[in-house]
Protein chains: 2
Amino acid sequence: MQRMTRQRLAVLGLLDRQSDFRSAQQIHDDLEERGARVALATVYRTLQSLVESGQVDTLRHDGEISYRKCRRAVHHHHLVCRNCGLTVEFEGDVVERWAHDLAAANGFVQVEHTLEFFGLCARCAAEDAS
Amino acid sequence: MQRMTRQRLAVLGLLDRQSDFRSAQQIHDDLEERGARVALATVYRTLQSLVESGQVDTLRHDGEISYRKCRRAVHHHHLVCRNCGLTVEFEGDVVERWAHDLAAANGFVQVEHTLEFFGLCARCAAEDAS
DNA sequence: TTATCTGCAAAGTATTTGCATAATG
DNA sequence: CATTATGCAAATACTTTGCAGATAA
């Protein structure tokens with residue numbers, strides 16, 4: 001049901017090599033640099049399908065969506081450097097429990113949550129100071 | 001430095017009466033309904049200034065920003081009904097501590113976070129079932 | 001072969017901005 | 001009266017979509 005096209009392979013390949021969150025436009029540019037011509041619309045469509053199938057994580061920030069291949073299958077969160085994009089994944093059963101308790105206390109059901117941390121990584125903080 | 005114009009008063013008045021998060025466009029429509037003609041651009045500008053001065057909370061969801069007058073001054077989070085917008089505010093020092101620990105463990109500084117819960121409130125869940 | 005994917009350009013959203021005019025303090 | 005805010009329309013930025021032609025299976 002999902003055809004392996006040159007374009008899809010190119011996007012998947014790039015996602016494998018990149019470790020930080022990148023916007024669709026950045027991914028498009030990166031592909032161009034490597035000589036892989038893929039239309040921006042195709043990049044968007046491909047990323048969208050990868051997100052739906054759970055292979056890619058998204059992050060909404062400043063009105064734009066960033067993409068990154070998941071490192072772990074279970075639900076998790078991110079600590080992202082707002083300067084260079086360096087990303088650390090981590091799990092947090094605390095929030096899951098919290099969500100459950102909150103739901104119970106307020107009569108809510110089907111509670112989901114979004115939790116992300118943004119900061120400056122050590123390297124960027126050092127550069128900032130100098 | 002901030003002039004009290006008819007438009008600003010109208011926006012403030014509406015924010016006082018509304019208890020849920022509303023997008024700029026919804027707020028604009030609500031104002032029109034009440035006969036207060038305020039240009040959409042002005043609604044955006046006013047909300048923006050209210051956010052900057054800390055009088056209004058924002059929530060990013062599905063690529064759009066929603067606004068709501070803060071009920072409490074300290075940093076807090078929300079449990080929002082994704083159907084009717086009903087909102088419960090709550091504090092969570094757990095996350096603050098968590099953010100601090102994460103930062104220390106990974107060498108990050110100036111760590112901020114976003115945490116929101118979305119679910120179905122009791123009433124909407126009941127309607128859903130019927 | 002044929003259903004799915006791609007490229008292109010056009011259309012959509014949500015938000016911002018330039019500028020002349022209006023209104024506040 | 002000097003500034004700051006407003007309205008309008010045009011500009012932005014990101015993302016989605018329609019459609020004809022290309023391509024994987």
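Here is how names work: the chains are called A, B, and so on, in the same order as the sequence lines, proteins then strands, and each is numbered from 1.
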Heavy-atom side-chain contact between B:Phe118 and B:Leu59 under 4.5 Å: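 Contact flag for B:Phe118/B:Leu59 side chains = yes.
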[X] has a side chain; which of [options] sits nearest to it?
X       : options               : result
A:Ala24 : C:dA3, D:dT15, C:dT24 : D:dT15
A:Gln25 : D:dA24, D:dT15, C:dG7 : D:dT15
B:Ala41 : D:dT6, C:dC8, D:dA9   : D:dA9
B:Ile65 : D:dT6, C:dT15, D:dC14 : C:dT15

What is the distance, to the nearest angstrom, from the [atom1] atom on [X] to the [atom2] atom on [N]?
X       : N      : atom1 : atom2 : answer
B:Arg8  : C:dA23 : CZ    : C1'   : 15 Å
B:Leu40 : D:dA9  : CG    : C1'   : 12 Å
A:Leu47 : C:dT6  : CG    : P     : 11 Å
B:Gln48 : D:dA5  : CD    : P     : 12 Å
B:His61 : C:dT15 : NE2   : P     : 14 Å
B:Gln26 : C:dT15 : CD    : P     : 11 Å
B:Arg3  : C:dT24 : CZ    : P     : 9 Å
B:His28 : C:dT13 : NE2   : C1'   : 16 Å

Exercise: do A:His76 and A:Glu91 side chains pair donor with acceptor under 3.5 Å: no
Of A:Ser23 and A:Arg45, the one whose closest DNA chain D nucleotide lies more 5':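 First, find each residue's nearest nucleotide; the 5'-ward one identifies A:Ser23.
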Residue-phosphate contact under 4.0 Å: [X] side-chain N/O, [N] OP1/OP2:
X       : N      : result
B:Gln7  : D:dG7  : yes
B:Tyr44 : C:dT16 : no
B:Thr46 : D:dA5  : no
B:Gln2  : C:dG25 : no
A:Thr42 : C:dG7  : yes

Side-chain ion pair, A:Arg37 and A:Glu32, N-O less than 4.0 Å: no
Residues A:Lys69 and A:Asp57 bridged, charged N to O under 4.0 Å: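 Between A:Asp57 and A:Lys69 there is no salt bridge, as every charged N stays at least 4.0 Å from the carboxylate O atoms.
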Touch class at under 4.0 angstrom, heavy-atom based, for B:Arg60 against every strand present: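 Contact class for B:Arg60: none.
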